[in-house]
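Here's the structure, in structure tokens; my notes come after.
Just so it is clear: chains get the letters A, B, ... in the order the sequence lines come, proteins before strands, and each one is counted from 1.
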Protein chains: 2
Amino acid sequence: MSRRPTLKDIARETGVHVSTVSRALDPQKRSSLTEEIVVKIRQAADRLGYRPNRIAFSLRKQKSMTVGVMIPDITNMIFPPIVRGIESVMEPLGYASIIVNTDGDSDRERRLTETLQERGVDGIIHTAVLRSDPNIVEAARQGLPVVTLNRKVEEAEIPYVINDEEAGIRMIFDHLHDHGHRRIAHLAGPRDLSTGLLRREAFCSVARDYGLSADALVIEEACRFEEEEGRRCAKEILSRSPETTAILCANDRLALGAMDYCARNGHPCPDKISITGFNDMPFLDLIPPGLTTVRIEQFDAGATAARLLVQMIDGCDGKVPRETVLPVSLKCRNSVLRIETDH
Amino acid sequence: MSRRPTLKDIARETGVHVSTVSRALDPQKRSSLTEEIVVKIRQAADRLGYRPNRIAFSLRKQKSMTVGVMIPDITNMIFPPIVRGIESVMEPLGYASIIVNTDGDSDRERRLTETLQERGVDGIIHTAVLRSDPNIVEAARQGLPVVTLNRKVEEAEIPYVINDEEAGIRMIFDHLHDHGHRRIAHLAGPRDLSTGLLRREAFCSVARDYGLSADALVIEEACRFEEEEGRRCAKEILSRSPETTAILCANDRLALGAMDYCARNGHPCPDKISITGFNDMPFLDLIPPGLTTVRIEQFDAGATAARLLVQMIDGCDGKVPRETVLPVSLKCRNSVLRIETDH
DNA sequence: TTGAAAGCGCTAACAT
DNA sequence: ATGTTAGCGCTTTCAA
């Protein structure tokens, strides 16, 4: 249990200076040394079981090879794939990720941002729910590389990666319309979350394109992206507008809640009402009747954000696109019924 | 975008020595300074927006205030709650966690263990699937604090936190037996995963207690904890032993797969066959008919492991129990039918 | 009560 | 091609 060997130990062992050892162990500068001494040093390093001390490295180079990943809550199933996407590009480059859960709490978020900065992270990937967040913007303004995921950033020159929410809503609206649905209600997400707002706006926009007037639209807004809110809003929609044939939900959990409510109250999906989701979370295949939804490539989103961040860290800020929009796709299961058009 | 202020900057600003600044900012040693100068220093620190450099701190104190968390795969839904449990005790103490995914790959695991050590983690929480893992054991032997989750460790003096698998299997077996089931098959997990083996052994042990001879037991072993394997093994069980009235599965995903197979092949659960799971993963409520399973408190498991690790880091090794067994509970839904006993 | 100086392990500019 | 030296930002003896 003796302490880890350092360059100094290897230097003593091989009778050279520590800087020589440092050079011998650095693939970049190895070339400027005698083959013979390099071999000797590497052997000694192996023999002693030398492992570089990244902390000392970080202090010296002012580079921690660490990035911060801020997410609302890792237990929300959409985030693990994002995290793995980030890891898939960061880890091979030698970066470690410190993942923090903000719980959407802005106070907590501020503290965590500070913590990450104290730890000298080289950059931050900020997977946002809240549409505005001063702390991270401030950090970015101070020169810390930041990339935002899932949120358009107006405040600063922060590059962001988003999914094509608008296209997704359009796809699924088209899909419903193609199946004869004309009375399509929207079970919207919270307006203060970016996805909630974006999808709602997209819904209105698409509906307008189909010639529906804005005030004729049935929209019910959930307070949170949770099943319980899905149930509540489904009830509201059904009572306010009984002729509704389809509910286009802002995400899968709301849709699942809506389905559950409808099933328990004489409107089984899809026979009596069609319901759609957004996200395509895992295990949807196992939940009857099978939710038709919009698939988002979470892993890719994470990987893309990571690649952008690395570019920024490497100082290629100029080449980093301000906006990256990732394609989404329609995932058809069995929650949409083809119905007769009225006329 | 000027660089972050350091102790030296505050020293210059206030006209004192950096060591004085260091003391003034350390709650522990503040007492040995003049009230007046402490105030002056703290004000200057605030004004400059001073944030301590944890990397320099780490190098000096040989303590990174960072722990490594090794898990197989964060996208496996049982792990996020564990991670949050760990975070819930670590973060308030000032520790950050570096989470790494091993994918059950022993080579990857070796590399990641080294990476964590290079980064000077103060300890590691190792959430294992594989029953044996030389790398982490070696690290522990070298004096690195290590706590293992979900796995009994024979190899070394590593403290471990496990769930009471045996009690869980017994509960659910009792439950099935109480409901009249006598022909209970076991859909076992992979034998090389700790939970797979433990639950299988528990099943055999309980069956023996009920007077069933070992060679009469119907056991089918899955190669992986996945739905597809659940389907395959369910088919196998049904064809080998058509009189089976209940399948006790080693985890929820296997149970879900088994349910799916049975439903599609004329044995709907629970009417024709009763099926049980293990873990109580999220969303089980939404999947009909509702899987009866054993609930594991993943969050608590993570928190418990974290508390043990902190104790070890603090040098209280003596007081750390070698074994911690967490209670589990029965979660009844609707996948078990009461049937008539034969006699 | 405060200052001076050393050093954690490493890299890099400069010197030889 | 290798050695010398300084220093990243901090804590901590030892002196005063």
Side-chain angles (χ1 to χ4, degrees), chain A residues 2-42 44-45 48-66 94 114 117-122, chain B residues 2-42 44-45 48-66 94 114 117-122:
Chain A
S2 58
R3 90 197 182 330
R4 274 165 53 192
T6 69
L7 289 188
K8 208 194 279 183
D9 297 318
I10 302 179
R12 190 178 331 101
E13 192 84 357
T14 52
V16 299
H17 195 266
V18 307
S19 60
T20 309
V21 179
S22 173
R23 284 189 273 254
L25 264 25
D26 180 347
Q28 303 283 324
K29 331 201 148 159
R30 195 163 24 240
S31 50
S32 71
L33 294 188
T34 319
E35 178 65 18
E36 178 199 10
I37 200 153
V38 170
V39 170
K40 192 166 68 174
I41 289 173
R42 299 188 64 182
L48 297 180
Y50 173 78
R51 302 271 86 212
N53 182 326
R54 299 267 172 235
I55 293 175
F57 172 93
S58 297
L59 181 59
R60 178 65 233 239
K61 293 283 278 298
Q62 300 291 43
K63 187 148 196 293
S64 63
M65 295 304 284
T66 304
E114 278 187 356
Q117 288 184 277
E118 289 182 5
R119 285 175 176 277
V121 293
D122 298 328
Chain B
S2 57
R3 90 199 184 325
R4 274 165 52 194
T6 69
L7 289 188
K8 207 194 280 184
D9 296 319
I10 301 180
R12 191 179 327 104
E13 192 84 356
T14 53
V16 299
H17 195 264
V18 310
S19 59
T20 309
V21 180
S22 172
R23 285 189 271 254
L25 266 23
D26 180 347
Q28 303 284 324
K29 333 203 144 155
R30 194 163 27 239
S31 51
S32 69
L33 295 189
T34 319
E35 179 65 16
E36 177 198 11
I37 200 156
V38 170
V39 170
K40 192 166 68 174
I41 289 173
R42 299 188 65 183
L48 297 180
Y50 172 77
R51 301 270 85 212
N53 182 327
R54 299 265 173 238
I55 294 176
F57 171 93
S58 298
L59 182 58
R60 178 64 232 240
K61 295 282 281 297
Q62 300 289 43
K63 186 150 196 296
S64 63
M65 295 304 283
T66 304
E114 280 187 355
Q117 288 184 278
E118 289 182 5
R119 286 175 175 277
V121 293
D122 298 329

Respond yes when some side-chain nitrogen or oxygen of [X] is under 4.0 Å from OP1 or OP2 of [N], and no when none is.
{"X": "B:Thr34", "N": "C:dT2", "answer": "yes"}
{"X": "B:Lys29", "N": "D:dT12", "answer": "yes"}
{"X": "A:Tyr50", "N": "C:dC10", "answer": "yes"}

Any side-chain heavy-atom pair from B:Thr6 and B:Asp9 closer than 4.5 angstrom?
yes
Does A:Lys61 pair with A:Asp122 as a salt bridge, N-O distance under 4.0 Å?
no
Which one, D:dG9, D:dT12, C:dG9, comes nearest to the side chain of B:Ser22?
D:dT12
A:Leu7 side chain: which of D:dT2, D:dT12, C:dC10 is closest?
C:dC10
Within residues 11-20 of chain A, those residues having any heavy atom closer than 4.0 Å to DNA chain D are A:Val16, A:His17, A:Ser19, A:Thr20
Under-3.5 Å donor-acceptor pair between B:Arg23 side chain and C:dG3 base:
yes
Does the base of D:dG9 carry an N or O that pairs as donor and acceptor with the side chain of B:Arg4 under 3.5 Å?
no
Heavy-atom neighbours of A:Lys8 NZ exceed 12 at 6.0 Å:
no
Considering residues, nucleotides and ligands other than B:Arg4, do more than 12 of their heavy atoms fall under 6.0 Å from its CZ?
yes
Taking [atom1] from [X] and [atom2] from [N], how many angstroms apart are they, rounded to a whole number?
{"X": "A:Arg3", "N": "C:dG9", "atom1": "CZ", "atom2": "P", "value": "6 Å"}
{"X": "B:Lys8", "N": "D:dC8", "atom1": "NZ", "atom2": "C1'", "value": "9 Å"}
{"X": "B:Leu59", "N": "C:dA6", "atom1": "CG", "atom2": "C1'", "value": "13 Å"}
{"X": "A:Ile41", "N": "D:dG3", "atom1": "CD1", "atom2": "C1'", "value": "12 Å"}
{"X": "A:Ile37", "N": "D:dG3", "atom1": "CD1", "atom2": "C1'", "value": "11 Å"}
{"X": "A:Asn53", "N": "C:dC8", "atom1": "CG", "atom2": "C1'", "value": "8 Å"}
{"X": "A:Arg30", "N": "D:dA1", "atom1": "CZ", "atom2": "C1'", "value": "16 Å"}
{"X": "B:Arg119", "N": "C:dC8", "atom1": "CZ", "atom2": "P", "value": "22 Å"}

What's the verdict on side chain to side chain contact (heavy atoms under 4.5 Å, CB included) for B:Thr20 and B:Thr14, showing C-alpha distance, side-chain angles and the deciding distance?
CA-CA 10 Å; B:Thr20 309; B:Thr14 53; over 6 Å; no
Pick the nucleotide of DNA chain C nearest each of B:Val38 and B:Ala56; which residue has the one closer to the 5' end?
B:Val38
Would you mind telling me which residue lines up with the more 5' stretch of DNA chain C, B:Gln62 or A:Arg60, judged by nearest nucleotide?
B:Gln62
Any donor-acceptor pair under 3.5 Å from A:Ser58 side chain to A:Arg54 backbone
yes
Just verifying a value: how many Å separate B:Glu35 CD and B:Arg30 CZ, rounded to the nearest 0.5 Å?
9.0 Å
